[in-house]
Each structure stands twice: as structure tokens, then as C-alpha cells.
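The structure appears right after this line, and notes come after that.
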Amino acid sequence: MFSCEVKVGRLVELRLVAPVTLELVQTAEKVIARCFQSHPGKLVGVGDFSRATVFSQDVAARVLGVLKADNPRIERSGILVSPSAIFSLQIERLITAAANPARRCFHDPYDLKAHLGGILTREEHARLAQFLGER
């Protein structure tokens, strides 16, 4: 399962749940592109990947392509990952390879909120808390 929405301001919300297939990532790429086209300017991304699992090599390569393509439009982003050390390392490696230092991954939703919170409006901050509470 995948979802991408902007419900408040410039906070783009992504949710990814296993199983993550190449077809799902290709569909997600189109949805993300439409989401970005509908909202001009820089966006702040929050991803909940806490129910996703390790990506296959072809899926990881496609995810990296999406991250790189979105870099110019991302002011800051945080991805919540599961406690799985292997998946966390994979996401960290993809974020590093995407070469946007404003992107980070987190195990703790409070740390993610601290990373994004300083640049969000009050309404965006409230929506971020609601999004993370929906997990």
C-alpha cells in the first residue's frame, strides 16, 4: 500500500506498507509527481515506512531515483522506519545516495517531529502530529 497527500500547507505525507513491489513504486512515482505538480514551491516531506520491509534491489534502485528526482522540491524530510536494523540501514543508504542532507530517517516519531517542527506552521505541525498518530 502507498499513499501520498498534501492535506495542510506544504506538508507532503507519504505512507508505505509492505509488500513493496516494483509496480507499486512505479505507481507511487506517478502519484508523487502529481502531488508535487499540484503544490508549487518547496515541500516538507514526512514518510511513514514503519510497516515496510527491506526492498529488493530493483525496488531500492527505483526508490533512489524518486528521491533524487524530488530533491529540488524538498526543503526538509523525515522518514519513520521500523526497528529493523537492516531496513533502517537500507533507507539511510538510499537517503545518503540521494544527496540531500535535509532528508533523514528516524525510529522515534518524536525525533522526526523535532527535525521537521522548526520549519512548519502551527497548522502543519498539528497535521504532522495527527499523521504520525494515525500509524
Step-by-step side chain to side chain contact (heavy atoms under 4.5 Å, CB included) determination, Val12 to Cys35:
CA-CA 8 Å; Val12 61; Cys35 194; 3.8 Å; yes

Working note: Val8 + Leu128, criterion side chain to side chain contact (heavy atoms under 4.5 Å, CB included); need CA distance, chi angles, decisive distance, verdict.
CA-CA 9 Å; Val8 175; Leu128 173 62; over 6 Å; no

Would you please test Val17 and Phe49 for side chain to side chain contact (heavy atoms under 4.5 Å, CB included) and show each step?
CA-CA 6 Å; Val17 177; Phe49 293 12; over 6 Å; no

Go through the steps for Leu112 and Asp108 under the test side chain to side chain contact (heavy atoms under 4.5 Å, CB included), then give the verdict.
CA-CA 7 Å; Leu112 189 153; Asp108 186 331; over 6 Å; no

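Arg15 pairs by the side chain to side chain donor-acceptor pair (under 3.5 Å) definition with Asp48, Glu134, not counting sequence neighbours. The side chain to side chain donor-acceptor pair (under 3.5 Å) search around Asp111 returns none, not counting sequence neighbours. Evaluation of the side-chain contact (heavy atoms from CB on, under 4.5 Å) rule for Thr96 yields no partner, not counting sequence neighbours. Listed by chain and residue number, nothing satisfies the salt bridge (charged side-chain N to carboxylate O under 4.0 Å, His left out) test with Glu92 (two or more places apart in sequence, or in another chain). With sequence neighbours excluded, no residue satisfies salt bridge (charged side-chain N to carboxylate O under 4.0 Å, His left out) with Lys68. With sequence neighbours left out, the side-chain contact (heavy atoms from CB on, under 4.5 Å) criterion links Thr21 to Glu23, Leu24.
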Side-chain donor-acceptor pairs of residues 113-124 under 3.5 Å, sequence neighbours excluded:
from, atom 1, to, atom 2, distance (Å)
His115, NE2, Ser77, O, 3.2
His115, NE2, Ala102, O, 3.3
Thr121, OG1, Glu124, N, 3.1
Thr121, OG1, Glu124, OE1, 3.4
Glu124, OE1, Thr121, N, 2.9
Glu124, OE2, Arg10, N, 2.8
Glu124, OE2, Arg10, NE, 3.4

Distance-only donor-acceptor pairs under 3.5 Å for side chains of residues 80-90, two or more places apart:
from, atom 1, to, atom 2, distance (Å)
Ser82, OG, Ser84, N, 3.3
Ser84, OG, Phe87, N, 3.2
Ser88, OG, Ser82, O, 3.3
Ser88, OG, Ser84, O, 2.9
Ser88, OG, His107, NE2, 3.3
Gln90, OE1, Phe55, N, 2.8
Gln90, NE2, Phe55, O, 3.0

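We find the CD1-OG distance between Ile79 and Ser50 to be 11.5 Å, quoted to the nearest 0.5 Å. For the atom pair CD1 of Ile32 and SG of Cys4, the computed distance is 5.0 Å after rounding to the nearest 0.5 Å. The CG atom of Leu43 sits 5.0 Å away from atom CZ of Arg73, with the distance rounded to the nearest 0.5 Å. Atom CG of residue Leu64 and atom CG of residue Leu94 lie 6.0 Å apart, to the nearest 0.5 angstrom.
Sorted by first then second residue, the side chain to side chain donor-acceptor pair (under 3.5 Å) pairs that include residues 25-44, not counting sequence neighbours, are Glu29-Arg62. Screening residues 5-27 for ring pair (Phe, Tyr, Trp, His ring centres under 6.0 Å) gives no qualifying pairs among residues at least two apart or on separate chains. The salt bridge (Lys or Arg N to Asp or Glu O under 4.0 Å) pairs that include a residue from residues 78-88 number zero, where partners must be two or more places apart or lie in different chains.
Looking at heavy atoms from C-beta onward, Asn100 lies out of side-chain contact with Leu67 at the 4.5 angstrom threshold.
If you chain together hydrophobic residues whose side chains sit under 4.5 Å apart, Leu11 and Val6 never meet in one group.
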